[in-house]
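What follows is a short report on a single structure.
In what follows, chains are A, B, ... by sequence order, proteins preceding strands, each numbered from 1.
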Number of protein chains: 2
Amino acid sequence: MQSYPSYLLENAVNQLSKLPGVGRKSALRLALYLLRQDKEQVNDFAQSILLMKNEVKYCKVCKNISDSDVCQICSDPKRDASTVCVVETIKEVMLVEETEQYHGLYHVLGGVISPMDGIKPSDLEIESLVERVAAGGIKEIVFALSPTMEGDTTAYYIARKLKDFDVKITTIARGISVGDELQYSDSVTLGRSILDRTEYRINN
Amino acid sequence: MQSYPSYLLENAVNQLSKLPGVGRKSALRLALYLLRQDKEQVNDFAQSILLMKNEVKYCKVCKNISDSDVCQICSDPKRDASTVCVVETIKEVMLVEETEQYHGLYHVLGGVISPMDGIKPSDLEIESLVERVAAGGIKEIVFALSPTMEGDTTAYYIARKLKDFDVKITTIARGISVGDELQYSDSVTLGRSILDRTEYRINN
């Protein structure tokens, strides 16, 4: 058990070690690094995190994070508003944008259905997606979910919910090997898989 | 080049990616993790860093970090005030304390002499060490510096400064292989090397 020369240091190490992938040794290294920086730099560091957490908004339409009520993508008139790509998190929006192969809008679910983790359909932005489709103007829904059991379950659940609407449902091509996490795929493969998206079939 | 859906997110990612060992991908992961936490938790996180940076003191005697003007170690009457262990940073104080083999006081230099990095003797807490020795009561100075060129140079420089005082100068045993960084050594080896400390010889 390490004893810290200062309670303030120990407290900062405790907080830093809560970050994913940061153990107590790394946390101490980060704390000592921050101690060596100028007060102004450390202040900017902490304020940037507080500002992000306290001021960031979620787009009323697609639930992506945004600095305004409606995000840049949803308010861009050059984007194809008749196509909506359904993703798990903000991170996948950024990944798909990076491929430069997609020009429609998004819908961020905030996760996937996962009974193991206690995530139910009602915890996700599924109802708001159904409402968007019900409001009209959407011709195609593209699933860009991880090809895992949870991703497949979520796509199936949403497809069932949308079956009575006149909307084409597609899913990105499985260039990505089954069982892999979407977030670790490379940009070219992911771009290819968007171009190759195929009709979603409830009974495949 | 990644485009961020929010300037606030991008700013936080920029700040997080300044941390040592944190690239832009990890910084994004950390930012999204913080976004998922409660406001209160993120506030505690940021405040712990600000508090540490703004409120932490440096011990007037040994220059270790401290919550008071004189640190816990320097103000502990059970410690042997006649022995002073000279270390590079706070981290080495913690490492030596962890061995439970040392019961004297410390002196934190704040670095080692390194012409390559532009660190001169006057940038370090060497003068304050000489003053401590000049004030009397110190019988032994133990060098616990990394066995690198910079560590050796610093020990040599300090030993020369102290040669006219009636003080024994020792250095921790080189159980640690030459060229290795002190901070990566294990507790047992480091503890052994403190017990085996040897007389410091200017001409060895």
Which heavy atom in [X] sits nearest to a heavy atom in [Y], and how many Å separate them?
X: A/Ile65; Y: B/Leu9; value: CD1-CD2, 3.5 Å
X: B/Met52; Y: A/Leu8; value: CB-O, 3.8 Å
X: B/Asp38; Y: A/Lys53; value: C-CE, 4.0 Å

With a 4.5 angstrom heavy-atom cut-off, is it the side chain or the backbone of [X] that approaches chain A, or both, or neither?
X: B/Tyr106; result: neither
X: B/Glu55; result: both
X: B/Leu19; result: both
X: B/Ile73; result: neither
X: B/Asn43; result: both
X: B/Tyr33; result: side chain
X: B/Ile90; result: side chain

Query raised in the report: Is chain B contacted by the side chain of A/Gln41, its backbone, both, or neither, given a heavy-atom distance below 4.5 Å?
Result: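 For A/Gln41, the backbone is the part near chain B, not the side chain.
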Requested in this report: Would you check if the side chain of A/Asp67 reaches a backbone N or O of B/Tyr7 as a donor-acceptor pair within less than 3.5 Å?
Outcome: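 Yes; judged by distance alone, with no hydrogens or angles, the pair exists.
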Query raised in the report: Hey, are the side chains of A/Ile49 and B/Leu16 touching, using non-hydrogen atoms and a 4.5 Å cut-off?
Result: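 Yes, their side chains come closer than 4.5 Å.
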Looking at [options], which one has more heavy-atom pairs under 4.5 Å with chain A than the rest?
options: B/Leu32, B/Asn14, B/Val13, B/Leu51; answer: B/Leu32
options: B/Gln37, B/Gln72, B/Lys39; answer: B/Lys39
options: B/Val22, B/Thr89, B/Asn54, B/Val93; answer: B/Asn54
options: B/Ala12, B/Pro5, B/Ser68; answer: B/Pro5

Requested in this report: Go through the steps to decide whether A/Gln15 and B/Asp44 satisfy the test side-chain contact (heavy atoms from CB on, under 4.5 Å), and finish with yes or no.
Outcome: CA-CA 8 Å; A/Gln15 289 289 340; B/Asp44 287 351; 3.8 Å; yes
**Report entry** Whether over 12 other heavy atoms sit under 6.0 Å from A/Asp166 CG
**Finding:**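 Counting neighbours around CG of A/Asp166, 12 or fewer heavy atoms of other residues, nucleotides or ligands fall under 6.0 Å, so no.
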Query raised in the report: Any idea which of A/Leu35, A/Val56, A/Leu34, A/Leu30 has the most non-hydrogen atom pairs under 4.5 angstrom with chain B?
Result: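 Maximum pair count with chain B is reached by A/Leu35.
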Report task. May I ask you to name which of A/Cys59, A/Ala46, A/Cys71 has the most heavy-atom pairs under 4.5 Å with chain B? Result ->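 The candidate making the most pairs under 4.5 Å is A/Ala46.
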